[in-house]
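What follows is a short report on a single structure.
Numbers restart at 1 for each chain; the letters A, B, ... are given by sequence-line order, proteins then strands.
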2 protein chains.
Amino acid sequence: MADKHLLREVGHLETRCEDCALFSLCFAQDLSKEERDLLNTILKRQQPVERNEHLYHGGQSLKSVTVVRSGSVKAYQLSNDGDEIVSGFYLPGEIIGLDALASGKHPGGAVALEDSRTCEIPLKDFIRMLHGSPRLNQVMLNLLSEEMAETRELLLVVGRLDARTRVALFLLTMSRRLSRRNQDPDQFRLTMDRRDIANYLGLTIETVSRTLSALQREKVIEVHGKLVNVLDQNRLREQAAKTVDAGQQRRSA
Amino acid sequence: MADKHLLREVGHLETRCEDCALFSLCFAQDLSKEERDLLNTILKRQQPVERNEHLYHGGQSLKSVTVVRSGSVKAYQLSNDGDEIVSGFYLPGEIIGLDALASGKHPGGAVALEDSRTCEIPLKDFIRMLHGSPRLNQVMLNLLSEEMAETRELLLVVGRLDARTRVALFLLTMSRRLSRRNQDPDQFRLTMDRRDIANYLGLTIETVSRTLSALQREKVIEVHGKLVNVLDQNRLREQAAKTVDAGQQRRSA
DNA sequence: CGGTACTTTGAGGCGGCTCAAGTCGAGTGG
DNA sequence: CCACTCGACTTGAGCCGCCTCAAAGTACCG
């Protein structure tokens, strides 16, 4: 705990956004030089979050705009009956909790999947920046509608694709996102457990596990717990592209 | 066609936003008086759209911000394999195609489900207003994140609930939305066909039909083609609230 | 009225859920 | 360092809901 507070202080002293390794992935790159200078003075960098620690809870009011600096974060909502619905996973460079921008209240919660760090802009400062910068507004609208597109994509995946396709798509997406962060696209560690994956994909734990095993049997991937080794990108892509057609579902259209 | 052009002209002459019957449902109510005065001068009112006519196609660039004035509209996206994915239905007072605000290009298309009318703000004018009005920015962010919340809701519905619950929720939602527009919440006409409903809910036509029939057999509703008569709001709500638990799915959480 | 598109209804099969045992792996205490 | 434990993951058997395929019924429009 003492450590933590120490680190929070140290954060201020760190690099400027322009020098951050994640700059090319961060929304800060879309700002003008002046805006970034301002940002550099107010940004609280490298805030540590422990594994399983909440960044915020559902219903809580938005305190700051948060970018994942390292580690990974799970976002979820609660259904009417209190079930957790995993709505997304966030990797370094991505902004968390944008959906609270409008109402000022987080519709769901966010938890660190591993020890992580974040950069935070206090809401007050952020709002002030928003008022002064049409460009920042544009950037935010962009981010929101990007996330919108992603959610729509997930809608398609979760509602209409068979289990094998969902899992394949999940692996591919993770691979792609991780590789943009300088990790090996063919060998990575999933930071979330099977429960979270299943929940995210709208499947059961058992089905996810079985599907992973099947893909391994077919030498498309290798799995050892959270470690994934993609043996055959192409065939994995095929699985993901089958989109529908096979199993059930299709008609419509 | 001649008629149509005539009407487009006449549109300009109509009422001001403040006098519109839909004012309380329209985003215009959130603007300041000055902003609204400006809006009144640039808004193209009551643009007619024929049944099955497209408001825009996927990939097309955003020409104007559009509010449904009367009738109803279906929004859809195309999946990789060209399947239609119905992403929403829009009723009078609702804004269409906001998800194109960021990129400037519509990710999907929109078609009128019946002869309808719209109010349109040419994009140029709208952008100009955005630059001059932090408030309008806020309103837009609000609308976008509202739509985000809705899509997330749909995600839950489509991915995790059984057919009966999905259909019940759909009916309830339509009922609620229509009643806010001064229509009888217990007796209404669905403007979309079974195919669209099924697609929207991630089900097949047959399943939707069977479910409606079942609800009718149980005297919860009465259906005659597109006409729906809710006989027992409470029991319909029960069906929708069962959320999961019954059939399959649940675990997670 | 005949055609076409939409809707309903039925029979059957399959994917994924449920329930129920394992197996594995990391952390703990003897 | 090993035995133990507890949670995470895997695997299997069986069942159920929804999809598929097929055909009949119904409404709308020329």
* To do: For A:Ser145, enumerate each residue passing the side chain to side chain donor-acceptor pair (under 3.5 Å) test, keeping only those at least two apart in sequence or located in another chain.
  =>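 Listed in chain order: nothing, the list is empty.
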
For atom [atom1] of [X] and atom [atom2] of [N], their distance in whole Å:
X: B:Asn52; N: C:dA5; atom1: CG; atom2: P; value: 13 Å
X: A:Leu161; N: D:dC19; atom1: CG; atom2: P; value: 13 Å
X: B:Leu227; N: D:dC28; atom1: CG; atom2: C1'; value: 15 Å
X: A:Ile197; N: D:dA8; atom1: CD1; atom2: C1'; value: 12 Å
X: B:Leu201; N: D:dG17; atom1: CG; atom2: P; value: 19 Å
X: A:Asp196; N: D:dA8; atom1: CG; atom2: P; value: 10 Å
X: A:Arg164; N: C:dC14; atom1: CZ; atom2: P; value: 17 Å

* To do: Please list all pairs passing the side chain to side chain donor-acceptor pair (under 3.5 Å) test where one or both residues lie in residues 177-190 of chain A, with sequence neighbours left out.
  =>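 Residue pairs passing side chain to side chain donor-acceptor pair (under 3.5 Å), neighbours aside: A:Glu94-A:Arg177, A:Glu94-A:Arg181, A:Glu114-A:Arg189, A:Asp186-A:Gln233.
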
* To do: Return each pair, listed once, that meets salt bridge (Lys or Arg N to Asp or Glu O under 4.0 Å) where at least one residue sits in residues 208-226 of chain A; pairs must be two or more places apart or across chains.
  =>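 Of all non-adjacent pairs touching residues 208-226 of chain A, those that pass salt bridge (Lys or Arg N to Asp or Glu O under 4.0 Å) are A:Arg164-A:Glu218.
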
* Asked: Mind checking whether B:Tyr56 and B:His106 have parallel, tilted or perpendicular rings, split at 30° and 60°?
  ->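 Plane angle under 30°, so parallel.
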
Return the set of residues passing salt bridge (charged side-chain N to carboxylate O under 4.0 Å, His left out) with [X] (not counting sequence neighbours), or none when no residue passes.
X: B:Arg51; answer: none
X: B:Asp232; answer: B:Arg235
X: A:Glu146; answer: none
X: B:Asp193; answer: none

* Side-chain N or O of A:Thr204 closer than 4.0 Å to phosphate OP1/OP2 of C:dG16 ->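 Checking C:dG16 against A:Thr204, no side-chain N or O comes under 4.0 Å of OP1 or OP2.
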
* **Helical bend (five base pairs per end, nearest 10°) for the helix from C:dC1-D:dG30 to C:dG30-D:dC1** =>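 The helix from C:dC1-D:dG30 to C:dG30-D:dC1 shows an end-to-end axis angle of 30°.
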
* A:Ser175 (side chain) donor-acceptor with A:Leu171 (main chain) under 3.5 angstrom ->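 It does not hold such a pair.
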
* Classify every nucleotide of nucleotides 9-14 of chain D by which part a protein heavy atom approaches to under 4.0 Å, writing B for the base, S for the sugar-phosphate alone and - for neither, in 5'-to-3' order. => SBBBB-

